[in-house]
Amino acid sequence: MTPAEKLIEKHRLTKEEYIALIGMAEDKDTRDLLRTEAVRLRQKYYGNKVFTRGLIEFTNYCKNNCYYCGIRRDNRNVSRYRLTKEEILTCCREGYRLGFRTFVLQGGEDPYFTDERTVEIIRAVKEAHSDCALTLSIGEKSYESYRRYREAGADRYLLRHETANEAHYGMLHPTSMSLAARKKCLYDLKALGYQVGAGFMVGSPGQTAETLADDLVFLGELQPQMVGIGPFLPHHETRFADKEAGSVELTLFLLSVIRILLPTVLLPATTALGTADPKGRERGILAGANVVMPNLSPLRNRKQYELYDNKICTGDEAAECCMCLAGRMKSVGYRLVEERGDALF
Ligand code: SAH
């Protein structure tokens, strides 16, 4: 049995088998086989529905210094902003009108947003939109902080693990950060009953078939409800400015692999994928993804939340983004739905 056939049968491989599978990522038959199975599974659980998440990038201040990230602390050439609670609520109101039933509050790790302030925002959003899910993506916090956010009404949490390989983690992050701390956060979030999202960049500097195999083994262990992956894209103000962007083809291949590994996973066709390829998000859906995350941030701040160069949709109103995405999804036989889109398990 080939590794691809075994993945389809068992939904799980050993590290060595994942390495062999990734080694076949350029083989057309292997790709087609996995894509077909991924689409079959996605169809079985979700039909042709695509869920939307309204992304609100509410602060680009960050105390961390991740080497790949455009809003890292040491980048002095980005003008910093943070939204007020009222501005966040305005984004949600507009999003609700456009049909969003999930809001994602994402930001750098900004100490201005103390637990008190964060809780106040969570409460306000949930009070205004009790039929919506609220997702946080604000980095590493203590168990106690996560507990308070959950109690205030947060439903989900996105925290990509970035790489599950210790040595590789060290190549992407300063020594103040660690894979162990990242993993602990993910397990804390699960224990608190959040729907949890992990994930990684494809083609980040230093990534190999082995580190990717570690990522897939880790996803199998963690069993997250959501997985975010997208190609690494260089940002000119980082040490990786001259590194090559991650491969779109490998990203699509891995989307199919992850759909088979975690059949009911909520899997976005990310903005990074749409940036790397003009048809990236459509192709992501056709590879097994079932979520898109249009931007609801105020137009004037869009450019300032540039994690990587040439990020798309920084000049479009939220309404335009929705129309555009709805058309894109329709063009490949899928439809955006006005639902929370919770995890099935
Ligand atoms: N501070 C939050 C949000 C991080 S930004 C947190 O720590 O979780 C969300 C994701 O963008 C990151 O997890 C990372 O995987 C991705 N990202 C950052 N820089 C990137 C780049 N240069 N190319 C592609 N993706 C990037």
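Residue indices begin at 1 and follow the sequence shown. Both ligands and their constituent atoms are indexed starting at 1 by order of listing.
- In terms of N/O distances under 3.5 Å, ligand 1 is not approached by Tyr305.
- The main-chain N or O of Cys66 is found under 3.5 Å from a side-chain atom of Arg72 such that the two form a donor-acceptor pair.
- Looking only at side-chain heavy atoms (C-beta outward), Asn290 and Arg259 come within less than 4.5 Å of each other.
- Within the 4.0 Å heavy-atom shell around ligand 1 one does not find His235.
- Nearest-residue assignment for atom 26 (C) of ligand 1 (options Lys311, Met201, Gln106, Glu306; heavy-atom criterion): Met201.
- For Gly246, the closest heavy-atom approach to ligand 1 does not fall below 4.0 Å.
- At a heavy-atom distance under 4.0 Å, only side-chain atoms of Glu162, from C-beta outward, approach ligand 1.
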*Given Phe51 and Tyr46, is the ring-ring contact (aromatic ring centres under 6.0 Å, His included) satisfied, shown in steps?*
CA-CA 10 Å; Phe51 299 119; Tyr46 297 105; 5.7 Å; yes
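- Exactly one residue among Arg302, Lys311, Arg82 makes a salt bridge (Lys or Arg N to Asp or Glu O under 4.0 Å) with Glu57. That residue is Lys311.
- Of the listed options Gly107, Ala276, Cys66, Gly107 places a heavy atom closest to atom 1 (N) of ligand 1.
- Looking at ligand 1, you won't find any N or O of Ser137 less than 3.5 Å from one of its N or O atoms.
- Among His129, Arg156, Arg340, Glu339, the single residue meeting the side chain to side chain donor-acceptor pair (under 3.5 Å) criterion with Thr102 is Arg156.
- Ligand 1 has Pro231 within reach: a non-hydrogen atom of the residue lies less than 4.0 Å from it.
- Of the polar atoms of Pro234, none of the N or O atoms is found under 3.5 Å from an N or O of ligand 1, judged by distance alone.
- Residue-ligand proximity, Arg160 to ligand 1, at heavy-atom distances under 4.0 Å covers atoms 13 (O), 14 (C), 15 (O), 16 (C).
- Figure legend: Arg101 and Tyr96 shown as a cation-pi pair, the cationic atom lying under 6.0 angstrom from the six-membered ring centre and within 45 degrees of its axis.
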*Step-by-step ring-ring contact (aromatic ring centres under 6.0 Å, His included) determination, Tyr157 to Tyr146*: CA-CA 9 Å; Tyr157 207 103; Tyr146 287 149; 4.9 Å; yes
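- With no hydrogens or angles considered, no side-chain donor-acceptor pair links Asn60 and Gln304 at under 3.5 Å.
- For the residue pair Ser297 / Asn295, a side-chain donor-acceptor distance below 3.5 Å is found, with atom types taken as modelled.
- Nearest to atom 19 (N) of ligand 1 by heavy atom, out of Tyr308, Tyr68, Phe240, is Tyr68.
- Applying the 4.0 Å criterion to heavy atoms of Leu159 picks out, from ligand 1, the atoms 8 (O).
- Using a 4.0 Å cutoff on heavy atoms, Gly230 does not count as a contact of ligand 1.
- The presence of a protein heavy atom under 4.0 Å from atom 14 (C) of ligand 1 is confirmed.
- Contact annotation: Arg182 has at least one heavy atom less than 4.0 Å from an atom of ligand 1.
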